[in-house]
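Read the structure below first, then the notes.
Proteins get letters first, then strands, A, B, ... in listed order; numbering begins at 1 in each. Excluded from the calculations below are hydrogen atoms, water molecules and symmetry mates; all remaining heavy atoms, backbone and side chain alike, are included.
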Protein chains: 2
Amino acid sequence: MAASTLTEVARLAGVSPATASRVLNGSARKPGKDIADRVRQAAESLGYVPNAQAQGLAKSSSGLIGLIVHDIADPYFAAIARGVQEAAREQRKMVLLATTGGGPAEEREAVAAFAARRADSIVIAGSRSCREEDHDGNTALAAELDRYCRNGGQVAVVGHPVVGATAPEGYHVLRVPNRELADRLATELAGSWDGDFVIVGGPEGLLTSDDRVNGFQEGLARAGRRPAEVLRSAFNRSGGYEAGLELAARIKAGRSAEGAADPKLCIFAVNDVMAIGAAAALRSEGLRIPRDAAIAGFDDIETLRDFRPALSTVRLPLEDIGRLATRATGRGPAAGDAAEDAAPAGIAGEVTLRRSTETAA
Amino acid sequence: MAASTLTEVARLAGVSPATASRVLNGSARKPGKDIADRVRQAAESLGYVPNAQAQGLAKSSSGLIGLIVHDIADPYFAAIARGVQEAAREQRKMVLLATTGGGPAEEREAVAAFAARRADSIVIAGSRSCREEDHDGNTALAAELDRYCRNGGQVAVVGHPVVGATAPEGYHVLRVPNRELADRLATELAGSWDGDFVIVGGPEGLLTSDDRVNGFQEGLARAGRRPAEVLRSAFNRSGGYEAGLELAARIKAGRSAEGAADPKLCIFAVNDVMAIGAAAALRSEGLRIPRDAAIAGFDDIETLRDFRPALSTVRLPLEDIGRLATRATGRGPAAGDAAEDAAPAGIAGEVTLRRSTETAA
DNA sequence: CTGTTAGCGCCTTCAA
DNA sequence: TTGAAGGCGCTAACAG
């Protein structure tokens with residue numbers, strides 16, 4: 001990795017490295033026009049590319065933003081990543097990507113790696129977990145973040161604070177109103193749906209999933225409905241598919257037992273990808289939506305909008321979320337003091353009822 | 001960004017920085033067990049995190065892989081990114097992400113930024129363009145890549161070589177058999193479809209799109225079919241949607257003019273996302289697939305597999321593509337000499353006919 | 001306004 | 001095996 005150095009440029013231009021530095025990079029002092037041109041020309045002819053590592057070392061800041069996601073191929077994270085990218089570009093920084101699969105241990109590793117690279121800030125997307133088995137991992141992650149922040153790093157986490165993080169300075173939490181929105185979704189569905197509700201959730205302890213489950217139950221309760229049964233499975237398409245198979249079996253059983261006019265089921269899957277999986281399962285069992293069962297998701301993933309029947313869901317401004325989280329870490333140590341800045345501009349979702357929960361046959 | 005330094009650790013452990021370095025990082029020399037423990041303990045208690053920038057500066061290599069995509073939220077790129085991630089992890093490197101929107105100028109910027117950061121290698125995904133308007137941009141991009149490679153960088157580009165790049169050492173091209181596969185798709189479709197074909201392509205000059213268009217035409221020709229008309233629009237969902245509207249109008253016009261038994265159209269959209277857009281347009285115009293028109297895509301995007309009617313398409317191992325491209329840059333300067341390593345393990349796609357092109361009513 | 005002198009934190013010869 | 005010295009490329013204080 002040998003490239004021409006600032007010193008070489010300076011020599012060619014017949015000036016000191018300091019001067020060359022001043023003209024080639026932003027400095028308060030502005031060198032004379034004549035000399036500046038000579039330097040620029042020398043740089044050009046040598047194909048000089050500043051060494052960001054050296055710059056970083058010298059001014060101890062790297063121009064890097066670390067982004068931690070479960071899986072970059074998941075459209076949910078991909079959308080957030082796009083927002084982060086944009087915000088990074090605004091700040092003239094680059095984004096470093098880490099994919100963890102969701103485990104706190106891997107997240108800790110990622111944070112350490114970012115810290116080692118002296119990333120200016122870290123954005124953590126992806127649900128927190130409070131499962132017992134993740135306890136130690138969370139503690140370690142919290143410690144790592146803590147240290148990173150104490151060393152001047154900025155971190156923003158989407159959704160929930162990292163379990164056990166003792167928010168020093170520079171720790172921002174971008175709250176996402178999952179609970180409230182799920183509540184509202186339940187409310188609206190309860191208004192137009194007479195049958196029972198079932199929730200297809202992720203593993204217990206996944207905070208995002210839990211919020212959506214709980215919110216939904218609350219909405220149901222307020223509407224005077226009885227609580228929905230909760231089926232747990234993986235927080236992805238195949239989890240939804242499995243749950244869907246189970247439900248399909250029940251629906252078919254119930255139907256043959258009672259005849260035709262049985263109470264229809266409305267399935268709430270805690271994210272769109274699971275909802276699609278569940279829908280696929282029902283379909284594979286010969287059931288139709290919304291004829292035999294209604295289904296709703298959460299997130300309003302862009303790629304899934306052309307799905308038929310159109311999926312009722314809750315629209316989340318994923319890109320904005322990424323952007324806002326990133327910005328929260330950008331504005332120097334100004335805006336948010338310590339913990340839990342409530343949604344700055346206010347993350348607002350929107351219940352979006354579509355064909356998949358239409359009650360009309 | 002102040003953190004404890006190696007020197008501090010060394011002092012606390014009562015050894016020289018050199019020794020501390022040797023124990024904390026992999027070195028040929030192995031320090032005494034006793035001293036090693038002391039150092040490790042000191043490091044632990046100080047919360048020492050090695051400064052990757054300094055390490056990079058010292059040994060001039062950064063452990064970074066740069067990835068350039070048009071748009072990380074596009075599932076095509078997201079899938080490739082996942083593969084790149086995995087390969088990076090194998091190599092114990094991190095990936096730096098750059099989103100360019102597809103313009104050569106922005107790509108050049110990204111390459112320069114990666115070069116500045118001394119990325120060990122760069123992976124460029126996303127179609128090359130040979131449009132006249134991009135000529136200068138391509139030249140500049142080629143020059144930048146050239147310089148990067150001359151300085152010891154490794155670059156892998158997916159699909160086509162960068163127009164004008166004079167492949168020095170370290171320049172790898174991962175060929176994707178778009179043309180062959182499109183050809184095969186046409187062949188298979190021609191076998192089961194009697195009506196005419198129309199191609200919905202991206203802008204002319206987008207190499208990936210052109211390959212697929214040309215390959216498809218070739219397949220058609222070999223099957224004795226007349227060439228398909230080519231509609232050009234943006235290489236994304238909305239491009240497909242627009243083209244779909246146009247086609248819907250034609251179909252409806254043709255139908256009212258001739259009565260019922262008109263020759264049905266089979267639409268080949270050069271990627272899945274466009275196909276979905278086109279399908280949505282047809283549907284919005286009251287047309288049904290495959291009843292009123294057949295449609296096929298390309299890529300076999302995972303998220304779109306649950307789409308109904310199931311989309312006929314060509315399966316591309318996107319994740320492998322990302323992985324292989326990355327690996328090509330990893331194995332030192334060993335494997336590929338200069339240009340165009342033909343697909344190493346052989347990128348193999350697969351024509352996948354599904355419901356959307358079924359001929360049976 | 002320019003050049004000189006020190007480091008930034010680490011690795012790597014070279015002696016010891 | 002360990003320590004001391006020099007340098008990676010650049011910036012930031014000082015001098016001139």
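For B:L57 and B:G14, each mapped to the nucleotide of DNA chain D holding its nearest heavy atom, the one lying further toward the 5' end belongs to B:G14. Toward the 5' end of DNA chain D, the nearer of the two residues A:P50 and B:S16, judged by each one's closest nucleotide, is B:S16.
End-to-end axis angle of the helix from C:dC1-D:dG16 to C:dA16-D:dT1, using five pairs per end and rounding to 10°, comes to 40°.
Residue B:Q55 places no side-chain N or O under 4.0 Å from the OP1 or OP2 atom of C:dC10. Taking only side-chain nitrogens and oxygens, A:T19 comes nearer than 4.0 Å to OP1 or OP2 of C:dG3. Between A:N25 and D:dT11 there is a side-chain N or O to OP1 or OP2 distance below 4.0 Å.
The pair B:R89-B:E86 does not count as a salt bridge, with every side-chain nitrogen at least 4.0 angstrom from each carboxylate oxygen.
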Please lay out, stage by stage, how B:R11 and B:E8 fare under the test salt bridge (charged side-chain N to carboxylate O under 4.0 Å, His left out). CA-CA 5 Å; B:R11 195 178 324 154; B:E8 293 172 354; 5.8 Å; no
Report the C-alpha separation of B:E106 and B:T99 in whole Å, then their side-chain angles, then the decisive distance to 0.1 Å, and conclude whether the side chain to side chain contact (heavy atoms under 4.5 Å, CB included) test is met. CA-CA 8 Å; B:E106 286 134 308; B:T99 300; over 6 Å; no
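Nucleic acid contact for B:P17: none, since no nucleic acid atom lies under 4.0 Å from a heavy atom of the residue.
Applying the 6.0 Å contact sphere to CD of A:E133 captures more than 12 heavy atoms from other residues, nucleotides or ligands.
Between the CG atom of A:N25 and the NZ atom of A:K59 there is a distance of 6.5 Å, given to the nearest 0.5 Å. Going from atom CD of A:Q85 over to atom NZ of A:K93 covers 14.0 Å, rounded to the nearest 0.5 Å.
If you measure from atom CD of A:Q53 to atom C1' of D:dG7, you get 15 Å, rounded to the nearest angstrom. Rounded to whole Å, atom C1' of C:dG3 lies 16 Å from atom CZ of A:R11. C:dT2 atom C1' lies 12 Å from atom CZ of A:R38, rounded to whole Å. Atom pair A:N51:CG and D:dG9:P shows a separation of 7 Å (rounding to whole Å applied). For the pair A:R22 CZ and D:dA12 P, the computed distance is 10 Å after rounding to whole Å. To the nearest angstrom, C1' of D:dA12 lies 17 Å from CG of A:L24. If you measure from atom NZ of A:K59 to atom P of D:dC10, you get 11 Å, rounded to the nearest angstrom. As a whole-Å value, the separation of A:N151 CG from C:dG9 C1' is 14 Å.
A:T326 places a side-chain N or O within donor-acceptor distance of the main-chain N or O of A:G322, the cut-off being under 3.5 Å.
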